[in-house]
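Residue numbers start at 1 and run along the sequence shown. Note that the structure is a prediction, hence the values are computed from the model and not measured.
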Amino acid sequence: MTQRTLRLKKDADRRLKHGHLWLYSNEVDIAVTPLKGFVPGEQVIVEAANGRPMGVAYVNGQSLICARLVSRDPGMMLDRSLLVHRLKQALSLRQRLFDKPFYRLVNGEGDLLPGLIVDRYDDVLVLQLNTAGMQVLLEPLLDALDKVVSPGCVVLRNDTGGRRQEGLELGVEVIKGKLPEQVLLEENGVRFSAPVLDGQKTGWFYDHRSNRAWLNGLVAGRRVLDVFSYIGGWGVQAAANGAREVLCVDSSARALDQVAANATLNGVQAQVSVSQGDAFEVLAALKAEGEEFDVIVVDPPAFIKKRKDIPAGERAYSKLNREAMRLLGRDGLLLSASCSMHLSQEKLIDVVRGASRHQDRHAQLLFQGYQGPDHPVHPAIPETAYLKALGVRVFRD
């Protein structure tokens with residue numbers, strides 16, 4: 001069947017020329033190519049207003065981002081062959097970066113595979129197909145993964161908000177092989193068991209690997225508080241790197257059970273304790289009890305998911321950092337993180353500055369971290385650079 005075309009309005013091709021992969025519905029000349037005429041996930045040739053072909057994209061007229069470019073060659077569709085090529089490119093990068101098979105294998109647009117996330121836990125792959133364009137490619141994608149990685153088990157975590165926006169069904173299932181009783185990974189020399197079926201995202205957050213590595217060098221002999229701990233990525237690594245005592249705080253009892261299991265897995269259960277509850281309430285209670293810590297990590301979920309959330313989200317980040325600083329000793333270290341794409345690095349620095357002044361303390365910015373290199377940023381798509389981490393010394397004269 002001949003590929004259909006998607007015609008852009010005049011000058012709507014500028015972002016594509018600069019390297020971007022996304023097209024919005026208001027950039028399409030719907031008088032010439034009505035979006036309602038395309039099947040969600042259909043691949044089309046994108047044309048500039050003058051009819052010049054610009055590449056191949058998949059379309060979903062139900063989504064604000066109505067098309068995502070998958071090839072700049074108008075004669076090359078995203079099929080099994082191109083999927084194999086892109087997966088080999090992605091794998092080559094990870095094999096240069098890491099000596100063990102625990103990493104994000106595919107990071108969507110950053111790996112020129114928009115809408116696709118693949119996290120690797122050795123022989124287990126966990127996939128998120130976040131767009132209709134990727135959903136229709138499931139079978140050739142599985143074939144391509146078999147050729148490039150040959151996983152023993154594949155899990156679909158199709159329960160993301162992005163799928164809902166694309167009009168796709170939600171669900172979680174094992175679609176290849178048998179899932180091991182424990183899905184193990186290793187990060188910075190520390191072992192973890194990840195709940196890939198019912199944990200957050202794909203079960204683990206590889207994006208903070210290098211930021212955790214930085215902090216790991218500064219925790220020996222210290223008392224550490226890990227707020228929004230999830231399954232202990234920061235806290236258990238701190239204990240494994242010599243922290244005297246670690247307290248992990250999370251609202252999920254199941255996550256804290258996993259903290260305890262991961263502490264035991266590394267033989268540091270004596271140093272690690274947990275506290276279940278709302279983070280802000282636990283921080284207030286710890287202050288009321290006169291507790292102090294040498295190192296505090298605040299790594300919350302995204303307080304800002306959409307632009308309209310920015311004012312309330314910024315207030316939440318400010319309050320969180322203020323409350324955390326109240327629990328630091330006279331000369332402490334704060335690791336403040338944000339995964340909100342709409343909160344800039346500069347704004348997070350300003351949040352930390354404001355929190356330190358509110359506590360009448362001095363702050364020294366020691367470290368600025370980002371997402372790890374297995375989460376490559378597409379230089380034309382600012383939205384792919386979402387993670388920030390600040391290492392801040394907070395002290396009194």
Side-chain angles (χ1 to χ4, degrees), residues 1-87 106-118 127-144 156 158-171 306 378 380-384:
M1 186 175 68
T2 303
Q3 266 182 282
R4 294 196 285 176
T5 60
L6 184 73
R7 181 68 62 89
L8 301 181
K9 293 178 180 177
K10 187 175 185 295
D11 296 328
D13 59 349
R14 288 177 177 172
R15 284 185 311 106
L16 290 189
K17 287 179 178 178
H18 285 93
H20 214 294
L21 303 181
W22 295 352
L23 290 169
Y24 293 93
S25 54
N26 62 2
E27 296 174 318
V28 176
D29 188 343
I30 57 173
V32 178
T33 53
L35 284 170
K36 291 181 180 179
F38 298 105
V39 177
E42 179 180 350
Q43 293 189 38
V44 299
I45 296 174
V46 178
E47 293 181 342
N50 61 6
R52 182 172 63 86
M54 303 192 69
V56 176
Y58 61 66
V59 180
N60 186 355
Q62 300 181 41
S63 177
L64 176 63
I65 303 173
C66 70
R68 301 176 196 245
L69 206 70
V70 294
S71 171
R72 293 192 179 272
D73 181 346
M76 184 177 292
M77 293 180 63
L78 185 59
D79 55 12
R80 181 185 181 278
S81 177
L82 186 52
L83 284 165
V84 167
H85 175 65
R86 294 271 165 85
L87 289 171
V106 176
N107 191 49
E109 282 78 354
D111 285 298
L112 304 180
L113 288 168
L116 176 64
I117 298 296
V118 182
L127 280 57
Q128 293 180 328
L129 309 178
N130 293 320
T131 57
M134 276 298 162
Q135 181 64 47
V136 300
L137 290 168
L138 176 59
E139 292 307 320
L141 173 62
L142 292 175
D143 286 346
L156 281 184
N158 284 342
D159 55 352
T160 66
R163 284 182 65 88
R164 191 176 290 110
Q165 293 168 15
E166 290 266 322
L168 299 171
E169 292 183 359
L170 305 185
K306 298 179 180 177
H378 192 299
I381 308 178
E383 291 86 348
T384 62

Atom pair [atom1]/[atom2] of [X] and [Y] - distance to nearest 0.5 Å:
| X | Y | atom1 | atom2 | value |
| --- | --- | --- | --- | --- |
| D159 | L168 | CG | CG | 12.5 Å |
| L23 | L69 | CG | CG | 7.0 Å |
| L112 | L21 | CG | CG | 6.5 Å |
| Y24 | L64 | OH | CG | 6.5 Å |
| D111 | L87 | CG | CG | 9.0 Å |
| I45 | M77 | CD1 | CE | 9.0 Å |

Less than 4.0 Å between a side-chain N and a carboxylate O, is that true for [Y] and [X]?
| X | Y | result |
| --- | --- | --- |
| E169 | R163 | no |
| E109 | R68 | yes |
| E47 | R7 | yes |

Flag the pair [X] / [Y] as yes when at least one side-chain heavy-atom distance between them is below 4.5 Å, and no otherwise.
| X | Y | value |
| --- | --- | --- |
| L35 | V59 | yes |
| V118 | Q128 | no |
| L78 | Q43 | yes |
| L83 | L113 | yes |
| T33 | V28 | yes |

Check: Taking N130 for the side chain and G162 for the main chain, is one N or O donor matched with an acceptor at less than 3.5 Å?
Finding: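 Such a contact is absent between N130 side chain and G162 backbone.
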Note to self: Pair R15, E27 - check salt bridge (charged side-chain N to carboxylate O under 4.0 Å, His left out), show working.
What the structure shows: CA-CA 11 Å; R15 284 185 311 106; E27 296 174 318; 2.8 Å; yes
